[in-house]
Amino acid sequence: MITTLAELGGHVAVVLTADDPDRQMPWLDAVDSVVQAWAWRDEYAQALSALLSGQQDFSGHLPVTLTGGLYPPGMVDANYRAFERAHVVPLFPFGYGLSARGRLALSELHVVREGNRLNASFTLSNPGTAAVRAVPQLYVETPPDLPGNPRRLAAWRSVMVSPGHPVRLSVPVSLRLAGQWNNAGGNWSVAAGDYTLSLGFSSVMLVRHATLHLPALHVPATLENQPAPVVTAE
């Protein structure tokens, strides 16, 4: 039905109100847009209408990987880390989302270590003509000679960016996310090596990278109070 409607001409937007990450989309190249609306209906119809009519901008990002039913070889249930290990790009990656009003640029990523955490700072700019809500994401990548997951989501922030007014964000990242759980010591063990922090708008759309050498560390299991992210206008 979707393919037939698209072939009739005009603009076609497909709204998905189910949460099946393996849904196949053979009509994807024939339509103008796809909206993952989860269970939005009834009392949420007005909010969805505002998005579809352009009164509000889309700013959500996928909390799951939409596989389209295609998995890396030998796997039947995979998250974004499994796709990364297999070097396979999913139909729509974890963290993916598009604004209808503009695009954003990321630059000047710097990472420093401060005790048991990293501090990542970067600049967001909006070259468009309308304000856009951005959700930049930071992923930490372990040294290639270490076992385990090669890439983990480390932090993300939601911030509104106006045209011509770049903002500078400073985001804390716990070093627990760079380590492995140590049963014997009851803490997180971080192996010595070169760790990369990657910045982008999804698990595969990573456009800025910074590498930092870390010594061997043991990070306490207790949660520490993280400083609040700092947002400054440039």
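Counting begins at 1 with the first residue of the sequence.
- Side-chain contact annotation: R133 with S99, donor-acceptor N/O pair under 3.5 Å absent.
- Considering every non-hydrogen atom in both P72 and A82, the closest pair reads CG-O, 4.1 Å.
- S107 pairs by the side-chain contact (heavy atoms from CB on, under 4.5 Å) definition with T123, R208, not counting sequence neighbours.
- The side-chain contact (heavy atoms from CB on, under 4.5 Å) test applied to L104 returns L124, N126, V132, A134, V161, F201, not counting sequence neighbours.
- Nearest heavy atoms, G179 versus R152: O-NH1, 2.8 Å.
- Residues satisfying the ring-ring contact (aromatic ring centres under 6.0 Å, His included) test with Y96, not counting sequence neighbours, are F92.
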Any chance you could lay out the side-chain contact (heavy atoms from CB on, under 4.5 Å) test for V35 and L51, step after step, and finish with the verdict? CA-CA 10 Å; V35 179; L51 289 166; over 6 Å; no
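- Atom CG of L175 and atom OG of S189 lie 11.5 Å apart (nearest 0.5 Å).
- The two residues P93 and P90 make their nearest non-hydrogen contact at CA-CG, 3.7 Å.
- When the side-chain contact (heavy atoms from CB on, under 4.5 Å) test is applied to D20, the partners found at least two apart in sequence or on another chain are D22, R23.
- Here the closest non-hydrogen pair linking A192 and A216 is CB-N, 3.6 Å.
- Placement of M1 and V12 in two distinct hydrophobic clusters is found when ILVMFWY residues are connected by side-chain heavy-atom separations under 4.5 Å, directly or transitively.
- You'll find the side chain of R113 reaches within 4.5 Å of the side chain of P215, heavy atoms only.
- With hydrogens and angles ignored, the 3.5 Å screen pairs a side-chain donor or acceptor of Q36 with a backbone N or O of A18.
- Inter-residue side-chain proximity for T65 and P21 is flagged as unmet; no heavy-atom pair is nearer than 4.5 Å.
- By the neighbour-count criterion of 12 heavy atoms within 6.0 Å, atom NE2 of H213 is densely surrounded, having more than that number from other residues, nucleotides or ligands.
- Counting heavy atoms from C-beta on, the side chains of P136 and F122 come closer than 4.5 Å.
- A search for side-chain contact (heavy atoms from CB on, under 4.5 Å) contacts involving S125 returns A105, P166, not counting sequence neighbours.
- Taken from CZ in R81 to OG in S203, the straight-line distance is 10.0 Å, to the nearest 0.5 Å.
- Using modelled atom types, no side-chain atom of N187 and backbone atom of V219 make a donor-acceptor pair closer than 3.5 Å.
- Here the CG atom belonging to N79 is positioned 11.5 Å from the OG1 atom belonging to T67, to the nearest 0.5 angstrom.
- Between S53 and A50, the shortest heavy-atom contact is OG-O, 3.3 Å.
- At a cut-off of 3.5 Å, with distance as the only test, no side-chain donor of T211 or D194 sits close to an acceptor on the other residue.
- Taken together through direct or relayed side-chain contacts under 4.5 Å among Ile, Leu, Val, Met, Phe, Trp and Tyr, M205 and L28 form part of one hydrophobic cluster.
- In terms of heavy atoms, V171 sits closest to A155 at CG1-CB, 3.7 Å.
- Checking E108, R168, H110 one by one against S121, the side-chain hydrogen bond (donor to acceptor under 3.5 Å, both in side chains) holds for a single residue, R168.
- The 12-atom threshold is not exceeded at CG of D29, counting heavy atoms of other residues, nucleotides or ligands nearer than 6.0 Å.
- When the side chains of ILVMFWY residues are joined at heavy-atom separations under 4.5 Å, either directly or via intervening members, W38 and L16 end up in a single hydrophobic cluster.
- When side chains are defined from C-beta on, L212 does not count as touching Y195, because their heavy atoms never get closer than 4.5 Å.
- Between atom CZ of residue F58 and atom CZ of residue R101 there is a gap of 10.0 Å, rounded to the nearest 0.5 Å.
- Using a 4.5 Å cut-off between side-chain heavy atoms of Ile, Leu, Val, Met, Phe, Trp and Tyr, L206 falls into a hydrophobic cluster with Y80, F94, V135, Y139, L153, W156.
- Criterion: ILVMFWY side-chain heavy atoms under 4.5 Å apart, direct or through other members. Under it, M160 and L169 are not part of a common hydrophobic cluster.
- Between L118 and L214, the closest side-chain pair of non-hydrogen atoms falls below 4.5 Å.
- In this structure, CG in L70 is found 7.5 Å from CG in L91, a value given to the nearest 0.5 Å.
- Residues V112 and L109 are members of separate hydrophobic clusters, defined by side-chain heavy-atom contacts under 4.5 angstrom among Ile, Leu, Val, Met, Phe, Trp and Tyr.
- A distance of 9.0 Å separates OG of S202 from NE2 of H61, quoted to the nearest 0.5 Å.
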